[in-house]
Amino acid sequence: MSLRSWGNYPIMENKVYPLQDVKTAREQVKELSEFIPYGNGRSYGDSALGKNIIHTKKYSYMLAFNEETGVLHCTSGVTLAEIIEVFAPRGWFPAVTPGTKYLTVGGAIAADVHGKNHHSAGTFTEFVESFNLLLPDGKEVECSRKKNKELFYATAGGMGLTGIILDAYIKLKEIKSTKINQITYKTKNLEETFAVFEKIQSYPYSVAWIDCLAKGKNLGRSLIMAGDFEEEGKLEYKTPKRKAIPFYFPDFALNTISVKAFNWIYYHRIWKKESKQRVGIDAFFYPLDAIEHWNKMYGKNGFTQYQFILPVENSYQGLKTILEKIAASGMGSFLAVLKLYGKENKNYLSFPMQGYSLALDFKIHKKLFPLLDELDDVVHLSGGRVYLAKDVRLSKENFAKGYPNLEKFIEIRKKYGMNKKMQSLQSMRLEI
Amino acid sequence: MKILIIGAKSDIAKAVAHEYAKNGHDMVLACRNAKESEIIAKDIHVRYNVHATCMELDVTKFATHAAFVKKIESVDGVVCVAGYLGEQKKSQEIFEETLKTIHTNYVGCVSILNYYANIFEEKKNGFIIGVSSVAGDRGRGSNYIYGSAKAGFTAYLSGLRNRLSKSNVQVLTVKPGFVNTQMTAGMKLPKLLTAQPEEVATSIFRAQKANKNVLYVKWMWKYIMLIISLIPESIFKKLKL
């Protein structure tokens, strides 16, 4: 059966080769003329799709854990969900986690994912001490910031285009409780949203849900959630029972009216300017994971997430322009997520930079791509970039503008023969 | 509690190991190449904080079994998952293939389980779980070499159960039906009748704890096989199965 990405778009035929062990993987990469690794299919677009897929999900082994340092040695198919299940009750948690826990460690490194604590902790690979990479010629190399560092910086955030990540050493963070103290702020407009974000930088975790269909004086109104793990408490963890969406919603289910209504209710259900909650790991970090296959809500034609970031000095003006364009188009999403990020890292293709990022879900629709092209122009004129783990349609020109280290990355691909063997639909479109 | 898993590298065995480890059991993982199962033992140790060791064991090398059992004597239960699907066509033409199928699925399992049956009988304690197959319920043209070996294994387990029930030793026969594993990779299996290895493992663990005798993992299989075994031979022989 062919594999799809989280967005269910595009759909293509592919041949799947499960990663069983290093020996078979070595033979596979030598034999296949072209391939791309795929973890648990949580990237939205076409970055893990290709003719031949090396499926790493079942290569899931925890090899060692150092109780003193919190460093876990595990293979690339281990998911963050498994790590949390095993280690949260022992007082450890992934130092960085995105909004789903169902991604693999390999995928987390390849997309150099980030989360609500980017401003205070940085990206996932900041906590990766080293990893073993299987190069397309079948050679295995250890990569860290000291050893084979150019391969480290290329692979971290390199969208699986440099080899197969076999296993990694990742540092977990210590927690004293599995409960989180959360504080929710309700803001009236974009100006206030920015002011609150800057005020709450001292919280390790923060993120905002923004009403992307609000216009005029309400433009940019948000609910901002900030928080941290309790300093003392119980360590107990069990994944809550998940509800599932069993079928694809029909096309008419999601339209301007339903999305507008949802956004209105979601915003108005919180009355106070400032309120406090005590919540669990899943409610705080993974609200969407509670619904299995929530991606089916967007129907059979699939959806995409558009996520971009703007440098902090251009963020306000750029976001204002983009939000106005989206509100005018009426093509908004349930979940528009805004966040203020911390500093950029050294990886060649990592997404984060200091500034504001906005992520929006859109149903695939014939009017969508022209709108996104228009937004791309604003993003790149402002010195920003689009996130590859979500992307399915960016142009190679805009991509090159957003990623100044692209040349270095392409050079490494050539040097190790990766450009000849490792291809995704995305890498071909962007000519990486 | 400590268990021995024979044929530890298969997907079902791996899932069984996880299930028992999750419930606090130490274990010995035995398979042809102990090096290859080390990664499974490490994983189980990190995840569940139980003790897991690897041992070399080839069920078809009968002469080595006595020495193996001497080393791994004190276990509380044995799960035998060793199996080889084989190729029916090849088996018909090359006797070595037939022999390999029969030796792996029947003779080898019997050889090693005989030892543990005696140990447990003497201790008046322990359990033996044998993973057989629905293919053993009636021989079919498409895989009767494998099926007949499994039929033999099923009969062996049934007899063993009869003998050991007086000694407080449980014998559980497992007939998983279709399972999504490497052994069946690439086959087109009907979704409703196909179990995941994890599902097989939880069912086995539960059935063992509940002191059950025979387990069909998906309940439909029990009735499908009942119907299949009720078809008169005069009709059955003409069917394409």
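Each chain gets a letter, A, B and so on, in the order its sequence line appears, and its residues count up from 1. Bear in mind that the values here come from a model prediction, so they are computed numbers and not experimental data.
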Next item on the list: Measure distances from B:I40 to the heavy atoms of chain A and classify the residue's part below 4.5 Å as side chain, backbone, both or neither.
Entry: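 For B:I40, the contact with chain A is made by backbone and side chain together.
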Note to self: Need one label for A:I83: side chain, backbone, both or neither, based on atoms under 4.5 Å from any heavy atom in chain B.
What the structure shows: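 Neither; nothing under 4.5 Å.
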Notebook entry, point to check: Measuring heavy-atom distances to chain B, does A:V78 have an atom under 4.5 Å in its side chain, in its backbone, in both, or in neither?
Noted result: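 Answer is side chain: those atoms of A:V78 sit under 4.5 Å from chain B.
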Check: Where is the tightest heavy-atom contact between B:V46 and A:V86, given as atom of each residue plus distance?
Finding: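 Smallest interatomic distance, heavy atoms only, reads O-CG1, 4.1 Å.
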Item checked: For B:F153, ring-ring contact (aromatic ring centres under 6.0 Å, His included) partners two or more places apart ->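 Once residues adjacent in sequence are excluded, B:F153 has no partner under the ring-ring contact (aromatic ring centres under 6.0 Å, His included) criterion.
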Under 3.5 Å, which donor-acceptor pairs link chain A and chain B? Put them in a table for me, please.
{"residue": "A:S60", "atom": "O", "partner": "B:R47", "partner atom": "NH2", "Å": "3.4"}
{"residue": "A:S60", "atom": "OG", "partner": "B:R47", "partner atom": "NH2", "Å": "3.2"}
{"residue": "A:Y61", "atom": "OH", "partner": "B:K14", "partner atom": "NZ", "Å": "2.8"}
{"residue": "A:M62", "atom": "N", "partner": "B:D43", "partner atom": "OD1", "Å": "2.6"}
{"residue": "A:M62", "atom": "O", "partner": "B:D43", "partner atom": "N", "Å": "3.3"}
{"residue": "A:E82", "atom": "OE1", "partner": "B:R47", "partner atom": "NH1", "Å": "2.8"}
{"residue": "A:E82", "atom": "OE1", "partner": "B:R47", "partner atom": "NH2", "Å": "3.1"}
{"residue": "A:R90", "atom": "NH1", "partner": "B:V46", "partner atom": "O", "Å": "3.4"}
{"residue": "A:R90", "atom": "NH2", "partner": "B:V46", "partner atom": "O", "Å": "2.7"}
{"residue": "A:R90", "atom": "NH2", "partner": "B:R47", "partner atom": "O", "Å": "3.1"}

Check: Would one find more than 12 heavy atoms of other residues, nucleotides or ligands at under 6.0 Å from atom CG of B:L192?
Finding: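 Open: at most 12 neighbouring heavy atoms sit under 6.0 Å from CG of B:L192.
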